[in-house]
Amino acid sequence: MLAAAGAVLAGFLMAPLLRGLVARFAVPEGEPWCLACPVCGRPPRVLPPTGRCPGCRERLGAGAWTVEPAAVAVAGAVVLAADGPSAAALGWAAALGVVLAFVDGRVRRLPYRLTLPLAAGLAVLLAVAALAEGRPGVLVRCLLVALTAGALFELPVWLGLMGPGDSPLAFALGGLLGWYGWGAALSGLFFTVLLAGVWAILRAAAALARRRSVRGLDVPVGPFLLLGTLLAVLAR
């Protein structure tokens, strides 16, 4: 109970910072990062649950009271899945994962400014965890899974079926899943495909119910890749 309460508190306290990052990076491709409120010029470093600028009340980034429950839920999942030294790596992936999920869901984009720090941080934290547990050999598996996942998702990028940010995210999360084994990596892929497929079917059904065309409906892969990874870690 104490750990659960701590997770809820940590998720809620992190949410304003995560909101600020979402507001900064949730801009369409080709546009500059949102470094200041377009109305009052105040930097959106931290934002309240309403998602409005503290200076002028302009709405920025994610919708009201959306990041907070996501951050709390992910923090709770990290507590459940934590297993010693690797908990830091899982927490790092969870924090940036919340930001990436909201950014991709809003503008269909996974910026390298987020995916590269995610990959670099995971590499360092997993290396520290492997040395702390006295099994550096696991890093070879992490690298192999990361390369396999990156290559698997790079092919649809080449074919124009996914955005360029999906393969770096798959590479980073593949390294994390490699810590838990090839079985976890396959589970992560299964959950990702399943969730993305169900979401695509639901969107198509909703469009047909409104008598709209289903052509051009795009599905953001990032949130489902992140959620699939989390489910695989929890289910291992």
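These numbers come from a predicted model, not from an experiment.
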Trainee: Roughly how far, to the nearest 0.5 Å, is CG of Leu114 from CG of Leu100?
Mentor: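 Here the interatomic distance stands at 5.0 Å.
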Trainee: Roughly how far, to the nearest 0.5 Å, is CG of Asp166 from CG of Asp104?
Mentor: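 Output value for this atom pair is 6.5 Å.
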Trainee: So which residues get pulled into Leu47's cluster when ILVMFWY side chains under 4.5 Å apart are joined, directly or through others?
Mentor: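 Leu47 clusters with Leu60.
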Trainee: Within this structure, what is the CG-CG distance for the pair Leu189 and Leu225, rounded to the nearest 0.5 Å?
Mentor: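 Leu189 atom CG to Leu225 atom CG measures 9.0 Å (nearest 0.5 Å).
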Trainee: Tell me whether Arg135 at atom CZ has more than 12 heavy atoms from other residues, nucleotides or ligands lying less than 6.0 Å away.
Mentor: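 Buried by this count: over 12 neighbours within 6.0 Å.
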Trainee: Which pairs, with at least one residue in residues 7-26 and sequence neighbours excluded, count as a ring-ring contact (aromatic ring centres under 6.0 Å, His included)?
Mentor: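 Pairs touching residues 7-26 that pass the test: Phe25-Trp33.
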Trainee: Rounded to the nearest 0.5 Å, what separates atom CG in Leu177 from atom CZ in Arg141?
Mentor: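 Taking CG in Leu177 and CZ in Arg141, the distance rounds to 10.5 Å.
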Trainee: Got a second to check how far Thr192's OG1 is from Leu227's CG, nearest 0.5 Å?
Mentor: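 Rounded to the nearest 0.5 Å, the OG1-CG separation comes to 8.0 Å.
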Trainee: Sequence neighbours excluded, which residues qualify as ring pair (Phe, Tyr, Trp, His ring centres under 6.0 Å) partners of Phe191?
Mentor: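 For Phe191, no residue satisfies ring pair (Phe, Tyr, Trp, His ring centres under 6.0 Å) once neighbours in sequence are set aside.
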Trainee: Which ring-ring contact (aromatic ring centres under 6.0 Å, His included) pairs, counting each pair once, include a residue from residues 78-128, with sequence neighbours left out?
Mentor: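 Sorted result for residues 78-128: empty, none.
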Trainee: Find out if a path of hydrophobic residues (ILVMFWY) with successive side-chain heavy-atom gaps under 4.5 Å connects Phe224 to Leu230.
Mentor: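 Different clusters: Phe224 never reaches Leu230 through Ile, Leu, Val, Met, Phe, Trp or Tyr contacts under 4.5 Å.
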Trainee: Shortest non-hydrogen contact from Cys34 to Pro44?
Mentor: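 In this case the closest contact between Cys34 and Pro44 is O-CG, 3.7 Å.
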Trainee: Suppose we screen for side chain to side chain contact (heavy atoms under 4.5 Å, CB included). Which residues come up paired with Leu155, at least two apart in sequence or across chains?
Mentor: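 Side chain to side chain contact (heavy atoms under 4.5 Å, CB included) check on Leu155 returns Trp158, Leu159.
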Trainee: Give me the atom names and distance for the closest heavy-atom approach of Leu80 to Leu234.
Mentor: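 Smallest heavy-atom distance, with atoms named: CB-CD2, 4.1 Å.
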Trainee: Side chains of Leu173 and Phe153, heavy atoms from C-beta outward: is any pair under 4.5 Å?
Mentor: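 A side-chain contact is absent here, since even the closest heavy-atom pair is not under 4.5 Å.
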Trainee: Do Glu29 and Val107 come close enough that some side-chain heavy atom pair is under 4.5 Å?
Mentor: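 Not in contact.
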Trainee: Closest approach of Ala101 and Pro223, non-hydrogen atoms and distance?
Mentor: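 Heavy atoms only, the tightest pair is O-CG, 3.6 Å.
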Trainee: Which residue is it: Val74, Val233, Thr229? I am looking for the one with a side chain to side chain contact (heavy atoms under 4.5 Å, CB included) to Leu90.
Mentor: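 The passing option is Val233.
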Trainee: Could you tell me which non-hydrogen atom of Ala64 sits nearest to which non-hydrogen atom of Arg59, and how far apart they are?
Mentor: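 So the two residues come closest at N-NH1, 3.5 Å.
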Trainee: Would you call Val98 and Leu21 a side-chain contact if the rule is heavy atoms closer than 4.5 Å?
Mentor: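 Not in contact.
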Trainee: Count I, L, V, M, F, W, Y as connected when their side-chain heavy atoms are under 4.5 Å apart, and connections chain through other members. Are Leu18 and Trp65 then in the same cluster?
Mentor: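 As far as the 4.5 Å side-chain criterion goes, Trp65 and Leu18 are not connected within one cluster.
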Trainee: Are there over 12 heavy-atom neighbours, none belonging to Arg113, within less than 6.0 Å of that residue's CZ?
Mentor: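 Open: at most 12 neighbouring heavy atoms sit under 6.0 Å from CZ of Arg113.
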Trainee: Do Pro54 and Arg42 come close enough that some side-chain heavy atom pair is under 4.5 Å?
Mentor: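 When only atoms from C-beta onward are counted, Arg42 and Pro54 do touch, with a gap below 4.5 Å.
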Trainee: Following the transitive rule for hydrophobic clusters with a side-chain heavy-atom cut-off under 4.5 Å over Ile, Leu, Val, Met, Phe, Trp and Tyr, establish whether Val72 and Leu13 coincide in one cluster.
Mentor: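 In one cluster: no.
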Trainee: List the steps, then state whether side-chain contact (heavy atoms from CB on, under 4.5 Å) holds for Val103 with Arg24.
Mentor: CA-CA 9 Å; Val103 171; Arg24 178 178 181 180; over 6 Å; no
Trainee: Which pair of non-hydrogen atoms, one from Ala95 and one from Met14, has the smallest distance, and what is that distance?
Mentor: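 Taking Ala95 first and Met14 second, the nearest heavy atoms are CB-CE, 4.4 Å.
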Trainee: For the hydrophobic clusters of this structure (ILVMFWY residues joined by side-chain heavy atoms under 4.5 Å, transitively), does one cluster hold both Val140 and Leu122?
Mentor: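 No, because Val140 and Leu122 fall into different hydrophobic clusters, even though each may have its own neighbours under 4.5 Å.
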Trainee: Tell me whether Val193 is reachable from Met162 by hopping between hydrophobic residues (I, L, V, M, F, W, Y) whose side-chain heavy atoms are closer than 4.5 Å.
Mentor: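 Yes, one cluster joins them.
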Trainee: To the nearest 0.5 Å, what is the distance between CH2 (Trp182) and OG1 (Thr148)?
Mentor: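 Trp182 CH2 to Thr148 OG1: 4.0 Å, rounded to 0.5 Å.
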Trainee: Where the side chain of Arg45 meets the backbone of Leu17, is there a donor-acceptor pair that is under 3.5 Å apart?
Mentor: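 Absent.
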Trainee: Could you walk me through whether Arg109 and Val27 pass side-chain contact (heavy atoms from CB on, under 4.5 Å), step by step?
Mentor: CA-CA 8 Å; Arg109 184 182 184 187; Val27 296; 3.6 Å; yes
Trainee: Tell me if a side-chain donor or acceptor on Arg236 pairs with a main-chain N or O of Ala81 at a distance below 3.5 Å.
Mentor: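 Pair found, side chain donor or acceptor close to backbone of Ala81.
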Trainee: Among Ile, Leu, Val, Met, Phe, Trp and Tyr joined by side-chain contacts under 4.5 Å, find the other residues sharing a cluster with Leu143 and list them by chain and number.
Mentor: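 Taking Ile, Leu, Val, Met, Phe, Trp and Tyr as members, Leu143 shares its hydrophobic cluster with Leu147, Phe171.
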Trainee: On a heavy-atom basis, which atom in Val79 and which in Ala7 lie closest, and how many Å separate them?
Mentor: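 Between these two residues, the closest heavy atoms are CG2-CB, 3.4 Å.
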Trainee: Given side chains that start at C-beta, do those of Arg19 and Glu68 come closer than 4.5 Å, heavy atoms only?
Mentor: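 In contact.
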